[in-house]
Amino acid sequence: MSEGLRERKKRETRERISDIATGLFLMRGFDNVTVAEVARTADVSVNTVFNYFPTKEDLLFDRQEEVESLPGKVVRERKPRESALEALRRDFLDALDTRHHRYGFHEGSDTFNRMLSASPSLNARLREMDEAREQSLARTLADEIDADPDDLAPAFIAAQICAVLRRLTAYAVQRMLAGEAVDAIAPDLRHRADQAFDLLESGIGDYGVRRENAPGAVGPGN
């Protein structure tokens, strides 16, 4: 269904407010900018800002749902005969090699990470997002293998995978905040990622392998 004029204008307004807020936060620090200042700069009312973003943190994390659902999406779109772990390993390494932002490892992310580390409220939101991402992945794993409601294996496996992803990202961020360039960090980060995923392979590597005739399976040529 095509986007109507009203929906497009609302989306553009939302994106403009978020972009302006993010610019102000990066320049002056999240805790040093008020919602009223964002509204003035965006030439809208404070009520309009809150209509689009219920909290100040939402102004920065406007893609929160996308971040939280990413691992589950990767698992749902895994290739035939590919396990959940293999799919997530492949996706993480692809993001690392291409410097894509989806796991937080890309050029220019050091400024963003400094802002996050300086704000207690943003750190709290990140913890909430990590928990939501883990829960989302657990639900996807359970759905993909049609697990019994009392089966805790999907939750155990989601916790292990998300812990690895979180630790790898934290390691990269720590080095970026110390002033190292992304290209200098990448080879070592890839080595450590392979090491971490190899450890998981020995325990959960064959979990959720997709059958070749499974609905929605992506073929090798896709």
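Remember, predicted model here, so these are calculated numbers, not experimental data. One is the number of the first residue; the rest follow in order along the sequence.
- The residues R125 and E128 are annotated as salt-bridged, a charged nitrogen and a carboxylate oxygen being separated by less than 4.0 angstrom.
- In this structure, the separation between CZ on R190 and CG on D97 is 4.0 Å, given to the nearest 0.5 Å.
- Hydrophobic side-chain contacts under 4.5 Å tie L152 into a cluster, directly or through other members, with F156.
- Panel note: side chain S117, backbone R114; a donor-acceptor pair is recorded below 3.5 Å.
- Under the 4.5 Å side-chain criterion, counting only non-hydrogen atoms from C-beta, R175 is not in contact with L189.
- T169 places a side-chain N or O within donor-acceptor distance of the main-chain N or O of L165, the cut-off being under 3.5 Å.
- Residues in residues 97-141 take part in these ring-ring contact (aromatic ring centres under 6.0 Å, His included) pairs, two or more places apart or across chains: F92-Y103.
- For N51 (side chain) and N47 (main-chain N/O), a donor-acceptor pair under 3.5 Å exists by modelled atom type.
- Within a 6.0 Å radius of CD in E131, no more than 12 heavy atoms belonging to other residues, nucleotides or ligands are found.
- Under a hydrophobic-cluster definition in which Ile, Leu, Val, Met, Phe, Trp and Tyr are linked whenever side-chain heavy atoms come within less than 4.5 Å, directly or via other members, L122 and M27 are assigned to the same cluster.
- The existence of a salt bridge linking R89 and D198 is confirmed by a sub-4.0 Å separation between a basic side-chain nitrogen and an acidic carboxylate oxygen.
- Residue L137 comes nearest to C162 through the heavy atom pair CD2-SG, 3.9 Å, listed as atom of the first residue, atom of the second, then distance.
- In this structure, the side chains of T140 and P71 stay at 4.5 Å or more apart for every pair of heavy atoms.
- Residues meeting the side-chain hydrogen bond (donor to acceptor under 3.5 Å, both in side chains) test with D183, sequence neighbours left out: R99.
- Environment of CG in D43: sparse, with no more than 12 heavy atoms of neighbouring residues, nucleotides or ligands closer than 6.0 Å.
- In this structure, CG on D146 lies 7.5 Å from CG on D148, to the nearest 0.5 angstrom.
- Counting heavy atoms from C-beta outward, L116 and L60 have side chains that approach closer than 4.5 Å.
- Looking only at distances, no side-chain donor or acceptor of S18 sits under 3.5 Å from a matching main-chain atom of R14.
- Atoms CG and CG, from L88 and L70 in turn, are 8.0 Å apart once rounded to the nearest 0.5 Å.
- Salt bridge status for D94 with R90: absent, with no side-chain N to carboxylate O gap under 4.0 Å.
- With a 4.5 Å cut-off on side-chain heavy atoms, M115 and T111 do not count as touching.
- The residues E12 and R8 are annotated as salt-bridged, a charged nitrogen and a carboxylate oxygen being separated by less than 4.0 angstrom.
- Across R16 and V44, no two heavy atoms sit closer than the pair NH2-CG1, 3.9 Å.
- For R81, the CZ atom counts as loosely surrounded, since its 6.0 Å shell holds 12 or fewer non-hydrogen atoms of other residues, nucleotides or ligands.
- Atom CG of D19 is separated from atom CG of L59 by 11.0 Å, given to the nearest 0.5 angstrom.
- In this structure, R76 does not pair ionically with D143, as no charged nitrogen and carboxylate oxygen lie closer than 4.0 Å.
- Side-chain contact of T55 with D58: a donor-acceptor pair under 3.5 Å is present, judged by distance alone.
- With hydrogens and angles left out, the side-chain atoms of Y171 and D188 include a donor and acceptor closer than 3.5 Å.
- Side-chain contact check for D194 versus L93: some heavy-atom pair is nearer than 4.5 Å.
- Taking all atoms of both residues into account, the shortest heavy-atom contact from A87 to V74 is O-CG1, 3.4 Å.
- Note: R63 CZ to M129 CE = 11.5 Å, rounded to the nearest 0.5 Å.
- Considering every non-hydrogen atom in both V33 and K56, the closest pair reads O-NZ, 2.6 Å.
- Across all their heavy atoms, A158 and A138 have their closest contact at CB-N, 3.6 Å.
- The pair R11-E15 meets the salt-bridge criterion, since a charged nitrogen lies less than 4.0 angstrom from a carboxylate oxygen.
- To the nearest 0.5 Å, atom CZ of residue R139 and atom OG of residue S69 are 10.5 Å apart.
- Although no hydrogens or angles enter the test, the distance criterion places a donor-acceptor pair under 3.5 Å between the side chain of D151 and the main chain of A153.
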